[in-house]
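So the structure is just underneath, and the comments pick up after that.
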Amino acid sequence: MSDSAIRSARLTSPVLFVLGALNAWSAQAAGDYGAVSTGLCVCVCGAGLFGEDLLQRSYRDDRAVLAHVAPHPGVTARHVARVTGIPERLVARSLDRLTDDGLLVPVADGATPEVRSY
């Protein structure tokens with residue numbers, strides 16, 4: 001496993017959550033309530049990391065879409081989805097956000113979203 005995968009919140013947050021829960025459970029059985037609170041705090045931190053990862057996912061998709069469209073003007077959402085591996089509906093949302101922010105300009109204004117290129 002690569003270092004970036006280990007540092008990723010996708011792996012770290014569930015591991016922290018489980019370790020915190022196990023610590024709280026074992027500490028509760030032993031009657032160490034200081035360790036119980038520490039374990040619960042670790043659980044909350046793991047849940048927070050997971051939530052942050054969910055919030056940041058759309059930003060990562062936007063960056064990947066913009067990084068592909070910038071050197072390839074005139075591409076469609078379907079092409080970007082095929083190249084980046086992001087589902088087409090998420091690519092369409094990213095393209096809409098990037099267009100609303102003024103970072104991209106649609107080539108054919110009257111075209112349907114399936115045919116529009118950027």
Side-chain angles (χ1 to χ4, degrees):
M1 195 176 299
S2 69
D3 278 347
S4 62
I6 292 171
R7 283 187 238 136
S8 169
R10 290 183 188 146
L11 179 68
T12 307
S13 60
V15 169
L16 277 176
F17 188 83
V18 168
L19 288 176
L22 287 173
N23 185 40
W25 179 70
S26 64
Q28 185 272 334
D32 183 2
Y33 296 107
V36 169
S37 63
T38 302
L40 293 176
C41 287
V42 171
C43 283
V44 169
C45 290
L49 277 175
F50 183 74
E52 183 68 19
D53 185 53
L54 289 177
L55 289 173
Q56 295 295 324
R57 185 169 297 153
S58 65
Y59 296 125
R60 286 192 301 269
D61 290 347
D62 288 355
R63 285 193 312 257
V65 168
L66 186 60
H68 181 73
V69 173
H72 304 98
V75 296
T76 62
R78 180 166 288 142
H79 174 77
V80 174
R82 198 171 42 242
V83 170
T84 60
I86 301 170
E88 190 172 344
R89 66 181 175 76
L90 296 179
V91 168
R93 285 185 198 163
S94 290
L95 289 170
D96 288 341
R97 276 193 299 268
L98 292 168
T99 302
D100 291 344
D101 291 343
L103 296 171
L104 293 177
V105 177
V107 174
D109 285 338
T112 62
E114 295 83 23
V115 181
R116 190 178 302 147
S117 60
Y118 296 85

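Residue numbers run from 1 in the order of the sequence given.
Contact of the L49 side chain with the L16 side chain is registered, since non-hydrogen atoms from C-beta on lie closer than 4.5 Å. Residues T99 and P106 have side chains in contact (heavy-atom distance under 4.5 Å, counting atoms from C-beta outward). Inter-residue side-chain proximity for N23 and V42 is flagged as unmet; no heavy-atom pair is nearer than 4.5 Å. Residues S58 and R97 form a side-chain contact, since some pair of their non-hydrogen atoms from C-beta on lies under 4.5 Å apart.
With sequence neighbours excluded, the residues forming a side-chain contact (heavy atoms from CB on, under 4.5 Å) with L90 are D61, I86, P87, R93, listed by chain and number.
A distance of 10.0 Å separates CG in L104 from OG in S94, rounded to the nearest 0.5 Å. Atom CD of E88 and atom CG of L95 lie 10.0 Å apart (nearest 0.5 Å). For the atom pair CD of E52 and CZ of R57, the computed distance is 12.0 Å after rounding to the nearest 0.5 Å. Residue T12 holds its OG1 atom at 11.0 Å from CG of L19, rounded to the nearest 0.5 Å.
A donor-acceptor pair is defined here as one N or O able to donate and one able to accept, closer than 3.5 Å; no such pair exists between the side chain of H79 and the backbone of V75.
Taking every heavy atom of both residues into account, L98 and D62 meet most closely at CD1-O, 3.8 Å. Shortest non-hydrogen contact noted between A77 and V91 is O-CG1, 3.7 Å. Closest heavy-atom contact between C43 and A21: SG-N, 3.1 Å. Here the shortest heavy-atom pairing between P73 and A70 reads CD-O, 4.0 Å. A pairwise comparison of heavy atoms in A47 and F17 identifies N-CD1, 4.3 Å as the closest pair. Taking all atoms of both residues into account, the shortest heavy-atom contact from V36 to Q28 is CG2-N, 3.4 Å.
Taken together through direct or relayed side-chain contacts under 4.5 Å among Ile, Leu, Val, Met, Phe, Trp and Tyr, L40 and Y33 form part of one hydrophobic cluster.
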Which is it for D53 and R60 under the side chain to side chain contact (heavy atoms under 4.5 Å, CB included) test, yes or no, and what are the steps along the way? CA-CA 10 Å; D53 185 53; R60 286 192 301 269; 3.1 Å; yes
